Amino acid sequence: MNFDLSEEQQSFATSVRRFAEANLKDGALARAHDPQFPFETAKLLAKQGLLGISFSEEDGGAGGTLFDSVIAIEQIAAVCPRSADIVQAGNFGPIRTFVEYATPEQKARWLPDLLAGNTCISLGMSEPDAGSAATELKTSATEDGDGYLINGSKVFGTHSPDAAIYLVYVRFGPGVGGIGSVIVERDTPGFTVGKPSAFMSGESWSQLYFENCRIPKENVLLGIGGFKKQISGFNVERLGNSSRSLALGRYAFNLAREHALIRKQFGRPLCEFQGLQWKFADMALKLDSAQMLLYRAASIESGLPSPYNTAIAKLACNQAGFDVANEAVQIMGGLGYSQDSLAEYCMRRTRGWMIAGGSTEILKNRIAEDVFERKFDQRGNAARAG
Ligand SMILES: Cc1cc2nc3c(=O)[nH]c(=O)nc-3n(C[C@H](O)[C@H](O)[C@H](O)COP(=O)(O)OP(=O)(O)OC[C@H]3O[C@@H](n4cnc5c(N)ncnc54)[C@H](O)[C@@H]3O)c2cc1C
């Protein structure tokens, strides 16, 4: 068992870090406080080959591995935390599910602009009454001649105010088996992107409304029976979420470390106080152990990652990222709590990832199923009887 990056991976990491230092270091703080999708930076990353890293060359990608995409997030986030969102959007998010299941025609239509950083795609899964219980979604797709009428609403979508296309989970019929997904273009009649709201992180999201929104059959990504496939694709999104959680925790850790070496109180640098040294030891333990679980889950040559390895990696990275960023704010005192430093940004962002993409509680439910080799129906007896 080898715990080091291979020579090839190390040289990729070095080249991404050099690119980030040269192009993203300046402006990192300003980018973090801009709620809009950073299209100009996305175009720059696209030219550097950092979008579609693990997609086949035929699909316009670089033919790399999922692990390479994790390395890219780590190296970009180490210099500019906000720009890691672009690596997520171009490699791990709904774009990854799209590439896995889209027809050649669908890919030809939408992928080039997404991979050039000209547009972005948003995932419409959560609904006002279906969050953790995603399979209770109500947004419907009803056959209408050679197309479908979409009716319903979606909430909380990342990049929803800025996206050009939306990967929308819909119900073609009853039950889990009736769930599939469609692509809806932003300017489709009957589709409205609501006024932006803000998450605690400062990112904006818009409620999506579908009122007899008609899409052609060619926009169906996964028809009846597509839910399981979608969730398999979603495991990649979860690893992007995990990678950013960990990378932002590490970013805050490094800020706090530098601060503790320089800042003096009571005539001594902060790093000489044992109460703070122990905090750093605990933080290092959390980061390093979560890193191992992330690398285990991402170490696949092809295909989609294992649901168990993904769930346990995301849980560890979400918890480590937030705990460490939170401690970094504490260690940096008033400066850590101020928007002049990125420590508080890392804390706010990592907090959201404990909810997004499968909350920490839902991940624990998933892990417990493997522990007991049983499925646990989360609906109570009363609901089952009803
Ligand atoms: C930063 C961010 C980005 C997001 N991006 C997207 C996106 O791009 N697309 C999209 O569709 N959605 C997105 N979401 C929405 C996200 O998927 C949901 O917020 C999440 O699934 C939880 O749903 P909910 O908010 O409705 O909470 P609820 O499902 O109402 O849950 C409330 C609380 O109860 C807990 N809980 C629920 N059921 C159980 C259970 N069975 N056992 C134990 N605890 C339980 C939850 O863990 C949570 O703590 C995003 C959310 C955030 C915060």
Side-chain angles (χ1 to χ4, degrees), residues 32 35 37 81-82 84-86 88-98 120-139 152-163 165-171 179 181-184 193-194 196-210 221 227 230-231 233-238 240-242 244-245 248 311 314-315 317-319 321-322 325 345-369 375-384:
F37 187 78
R82 171 69 166 138
D85 295 342
I86 301 168
Q88 166 82 12
N91 293 282
F92 294 89
I95 194 172
R96 181 65 181 79
T97 311
F98 176 80
C120 69
I121 176 171
S122 180
L123 174 68
M125 176 172 66
S126 307
E127 299 187 355
D129 294 326
S132 302
T135 53
E136 284 167 18
L137 67 88
K138 292 193 192 110
T139 298
S153 180
K154 297 288 176 180
V155 289
F156 301 144
T158 299
H159 308 317
S160 47
D162 299 311
I165 62 168
Y166 297 80
L167 195 167
V168 184
Y169 281 33
V170 292
R171 180 168 291 297
I179 299 174
S181 56
V182 297
I183 300 295
V184 180
V193 178
S197 300
F199 282 129
M200 178 203 263
S201 58
E203 300 163 278
S204 50
W205 66 272
S206 291
Q207 186 154 357
L208 309 179
Y209 303 94
F210 303 90
L221 183 67
F227 186 73
Q230 275 160 200
I231 289 298
F234 195 57
N235 279 322
V236 180
E237 173 143 13
R238 286 181 164 171
N241 171 315
S242 314
R244 283 180 301 159
S245 293
L248 266 64
K314 182 175 183 291
L315 179 61
C317 290
N318 288 163
Q319 198 68 63
F322 175 71
Y345 171 77
C346 292
M347 188 195 85
R348 288 184 285 117
R349 288 303 304 276
T350 49
R351 186 65 189 82
W353 292 321
M354 293 168 81
I355 298 170
S359 66
T360 44
E361 292 81 12
I362 294 301
L363 295 170
K364 286 179 187 174
N365 291 345
R366 176 65 191 80
I367 294 165
E369 290 191 340
K375 292 269 176 216
F376 295 105
D377 190 345
Q378 299 298 311
R379 290 164 190 81
N381 290 334
R384 264 200 299 273

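A quick note: this is a predicted structure, and the numbers were derived from the prediction, not measured. Numbering of ligands and ligand atoms starts at 1, following listing order.
- Here the side chain of R348 pairs a donor or acceptor atom with the backbone of M200 at under 3.5 angstrom.
- When atom types are taken as modelled, the side chain of E127 and the backbone of T139 share a donor-acceptor pair closer than 3.5 angstrom.
- Looking only at protein heavy atoms, the nearest one to atom 43 (C) of ligand 1 is E361 CB, 3.7 Å.
- Distance screen at 4.0 Å: atom 6 (C) of ligand 1 has a protein heavy-atom neighbour inside the cut-off.
- Nearest non-hydrogen protein atom to atom 27 (O) of ligand 1 is S132 OG, 4.3 Å.
- You'll find the side chain of S160 reaches within 4.5 Å of the side chain of Y166, heavy atoms only.
- Under the 3.5 Å distance criterion, the side-chain polar atoms of Q88 are left unmatched by any main-chain donor or acceptor of R244.
- Shown here, atom 12 (N) of ligand 1 is in close reach of the protein: a heavy atom of it lies under 4.0 Å off.
- The single protein non-hydrogen atom nearest to atom 3 (C) of ligand 1 is T158 OG1, 3.4 Å, given as residue, atom name and distance.
- The nearest heavy-atom contact from the protein to atom 25 (O) of ligand 1 is F156 CE1, 3.8 Å.
- Across A356, G93, S359, heavy-atom proximity to atom 51 (C) of ligand 1 is greatest for A356.
- Here the protein heavy atom with the shortest distance to atom 39 (C) of ligand 1 is I362 CD1, 3.8 Å.
- Ring planes of F227 and Y169: perpendicular class, angle over 60° (limits at 30 and 60°).
- In terms of protein heavy-atom proximity, atom 18 (C) of ligand 1 is closest to S126 OG, 3.9 Å.
- Here W353 has no heavy atoms under 4.0 Å from ligand 1, in either its backbone or its side chain.
- Here the protein heavy atom with the shortest distance to atom 19 (O) of ligand 1 is I355 CG2, 3.6 Å.
- In this comparison of L167, N241, L123, I121, the heavy atom closest to atom 9 (N) of ligand 1 sits on L123.
- The closest heavy-atom contact to atom 53 (C) of ligand 1, among the options G357, G358, G352, comes from G352.
- Of the protein's non-hydrogen atoms, G131 CA, 4.0 Å is the one closest to atom 24 (P) of ligand 1.
- For the pair L167 and I183, the minimum side-chain heavy-atom distance is below 4.5 Å.
- In terms of polar-atom proximity, defined here as any N/O pair under 3.5 Å, N365 does make such a contact with ligand 1.
- Remark: atom 16 (C) of ligand 1 lies closer than 4.0 Å to at least one protein heavy atom.
- With hydrogens and angles disregarded, a donor-acceptor distance shorter than 3.5 Å links the side chain of D162 to the backbone of F37.
- With hydrogens and angles disregarded, a donor-acceptor distance shorter than 3.5 Å links the side chain of S153 to the backbone of L208.
- Using modelled atom types, no side-chain atom of Q230 and backbone atom of T97 make a donor-acceptor pair closer than 3.5 Å.
- For atom 32 (C) of ligand 1, no protein heavy-atom neighbour is found at a distance under 4.0 Å.
- Looking only at distances, a side-chain donor or acceptor of K314 sits under 3.5 Å from a matching main-chain atom of G358.
- In this structure, R171 contributes its side chain and L137 its backbone to a donor-acceptor pair below 3.5 Å.
- One option in R349, M125, R379, Q378 has a heavy atom closer to atom 41 (N) of ligand 1 than any other, and that option is Q378.
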